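Here is the naming used below: chain letters follow the sequence lines, and residue numbers restart at 1 for every chain. Because the structure is predicted, anything quoted here is derived from the model rather than measured. Heavy-atom basis, side chains included; hydrogens, waters and symmetry copies ignored.
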There are 2 protein chains.
Amino acid sequence: MRRDVFQAIADPTRRAIILLIAAQAMTPNAIADHFNTTRQAVSKHLRILTECELVQQEPRGREIYYQLQVAKMKDVEEWLAQFRTLWESRFNELDQVLADMKNSEIGSVNE
Amino acid sequence: MRRDVFQAIADPTRRAIILLIAAQAMTPNAIADHFNTTRQAVSKHLRILTECELVQQEPRGREIYYQLQVAKMKDVEEWLAQFRTLWESRFNELDQVLADMKNSEIGSVNE
DNA sequence: TTTATTTGCAACCGATTGGTTTCACTTTAA
DNA sequence: TTAAAGTGAAACCAATCGGTTGCAAATAAA
C-alpha cells in the first residue's frame with residue numbers, strides 16, 4: 001500500500017517509536033517493551049513506518065533491527081518550509097509595527 | 001474533542017486547504033470551489049483545523065473567513081527540531097568521511 | 001533433532017474517518 | 001416581509017485504523 005509520511009507521524013505511538021529508535025536501532029521486542037501494547041501492534045506500526053520509508057530493516061540472525069531513516073523526515077521539513085517564509089515575514093511585519101510605534105512615540109515626545 | 005496538529009495535517013485535503021488559505025483568508029464556499037467535494041465536507045475539515053487552532057474564524061456579515069494561524073505550525077517544527085541535530089550530524093559524519101577520502105587521495109598522490 | 005526465541009501475517013473487532021444528504025439558523029437582498 | 005445566500009450540525013455510510021488473538025516460518029540454543 002502506498003504510504004505517506006504525514007499519515008505515519010499522525011499516530012502518537014508511532015511518533016514515540018520514531019523518537020525511541022532515533023538514538024539507536026532496535027528490535028520489535030525491545031521497542032514493544034517501552035509501550036503498553038502487544039508486540040504485534042508495534043509490528044504493525046513498524047510496517048507502516050517501513051512502507052513510507054521512515055524506517056529501515058536490518059536483519060541480524062533471527063532478530064531484525066529497525067533503524068530510523070532521518071533523511072525521510074525532510075519530506076515534512078520541506079512541506080513546512082513553504083510556510084517558514086510566511087511566518088518569518090509575519091514576524092518582520094510585527095517588527096515593523098513595533099518600530100513604527102517606537103518612532104511615533106519618539107515623534108510625539110520629540111523636542 | 002481534543003485535536004492534534006499532526007492528525008490535522010495527516011489528510012491531504014486539509015494540507016491543500018492550509019496551503020490555499022496561507023496566502024489569504026477565504027470563506028468555506030470559496031475553498032470548496034477548489035476541491036472535488038461538497039461544501040459540507042470542507043466545513044468538517046475546517047472544523048478540525050479550527051479545533052487544533054491551525055485556523056481561525058473571522059466572521060464578516062454572513063460570511064466567515066478562515067485564516068491560517070501560521071504560528072501553530074511551529075508545533076510540527078519543534079517536533080522536527082529534535083531530529084535536525086541528528087540528521088545534520090549524520091551529514092557532518094558524511095562530510096568527515098569525504099574529507100578523509102580526499103585527504104588519503106591527496107596523500108597517495110602527494111609529490 | 002528438538003525446543004525456545006523472534007518475528008510477520010491473517011482474521012477479527014470496536015472506534016474513528018472522510019464523505020454524503022438533509023435540515024436549521026443567520027444575514028443580506030428584493 | 002419574503003426570498004436567497006452562506007454556513008454549521010446531525011444522521012447515516014463504507015472504508016480505514018489501531019488493537020487483539022492465534023498461527024506459521026525462520027533462526028538459535030539445548
Exercise. Applying ring-ring contact (aromatic ring centres under 6.0 Å, His included), which residue pairs with at least one partner in residues 38-80 of chain B are found, sequence neighbours left out?
Worked result: B:F6-B:W79, B:W79-B:F83
For this session: Starting at atom CG of A:L49, determine the distance to atom C1' of C:dG8, rounded to an integer number of angstrom.
Result: 15 Å
Exercise. Side-chain N or O of B:N29 less than 4.0 angstrom from OP1 or OP2 on D:dT7?
Worked result: yes
Exercise. Once you round it to whole Å, what is the distance between P of D:dT7 and CG of B:L46?
Worked result: 10 Å
Exercise. Rounded to whole angstroms, how far apart are CD on B:E51 and P on C:dT16?
Worked result: 14 Å
Exercise. What residues form a salt bridge (charged side-chain N to carboxylate O under 4.0 Å, His left out) with A:R62, not counting sequence neighbours?
Worked result: none
Problem set entry | Presence of salt bridge, A:D4 and B:R15, under 4.0 angstrom | yes
Seminar exercise, completed: Taken to the nearest whole Å, CG/A:D33 to P/C:dT7 is 10 Å
Exercise. Does A:S43 place a side-chain N or O at less than 4.0 Å from the phosphate oxygens OP1/OP2 of C:dG8?
Worked result: yes
Problem set entry | Within-4.5 Å side-chain heavy-atom neighbours: B:Q67 and B:V55 | no
Protein-nucleotides 28-30 of chain C N/O pairs under 3.5 Å:
none

Sub-3.5 Å pairs of nitrogen or oxygen atoms, protein against nucleotides 19-23 of chain D:
residue, atom, partner, partner atom, Å
D:dG19, OP2, A:H45, NE2, 2.3
D:dG19, N7, A:K44, NZ, 3.0
D:dG19, O6, A:K44, NZ, 2.4
D:dT20, OP2, A:T38, N, 3.0
D:dT20, OP2, A:T38, OG1, 2.6
D:dG22, O6, A:Q40, NE2, 2.9

For this session: Mind calculating the distance between OH (A:Y65) and P (C:dG8) to the nearest angstrom?
Result: 13 Å
Exercise. A:S43 side chain to A:R39 main-chain N or O, any donor-acceptor pair under 3.5 Å?
Worked result: no
Exercise. Toward the 5' end of DNA chain D, which comes first, A:A10 or B:I64, by nearest nucleotide?
Worked result: B:I64
For this session: Report yes if at least one side-chain N or O of A:Q7 is closer than 4.0 Å to OP1 or OP2 of D:dC17; otherwise report no.
Result: yes
For this session: Could you tell me whether a side-chain N or O of A:R14 sits under 3.5 Å from a main-chain N or O of A:A8, the two making a donor and an acceptor?
Result: yes
For this session: Hey, could you give me each pair passing side chain to side chain donor-acceptor pair (under 3.5 Å) that has a residue in residues 19-35 of chain B? Not counting sequence neighbours.
Result: none
For this session: Kindly say if A:R47 contacts the phosphate of C:dT7, meaning a side-chain N or O under 4.0 Å from OP1 or OP2.
Result: no
For this session: Find the distance A:I31:CD1 to C:dT7:P and express it as a whole number of Å.
Result: 9 Å
Exercise. Got a sec, which residues hit salt bridge (charged side-chain N to carboxylate O under 4.0 Å, His left out) with B:R84, two or more places apart in sequence or on another chain?
Worked result: A:E77, B:E77
For this session: Find the distance A:E58:CD to C:dG8:P and express it as a whole number of Å.
Result: 14 Å
Exercise. To the nearest Å, how far apart are B:I48 CD1 and C:dT17 P?
Worked result: 7 Å
For this session: Please tell me if the side chains of B:M73 and B:L68 come closer than 4.5 Å, counting only heavy atoms from C-beta onward.
Result: yes
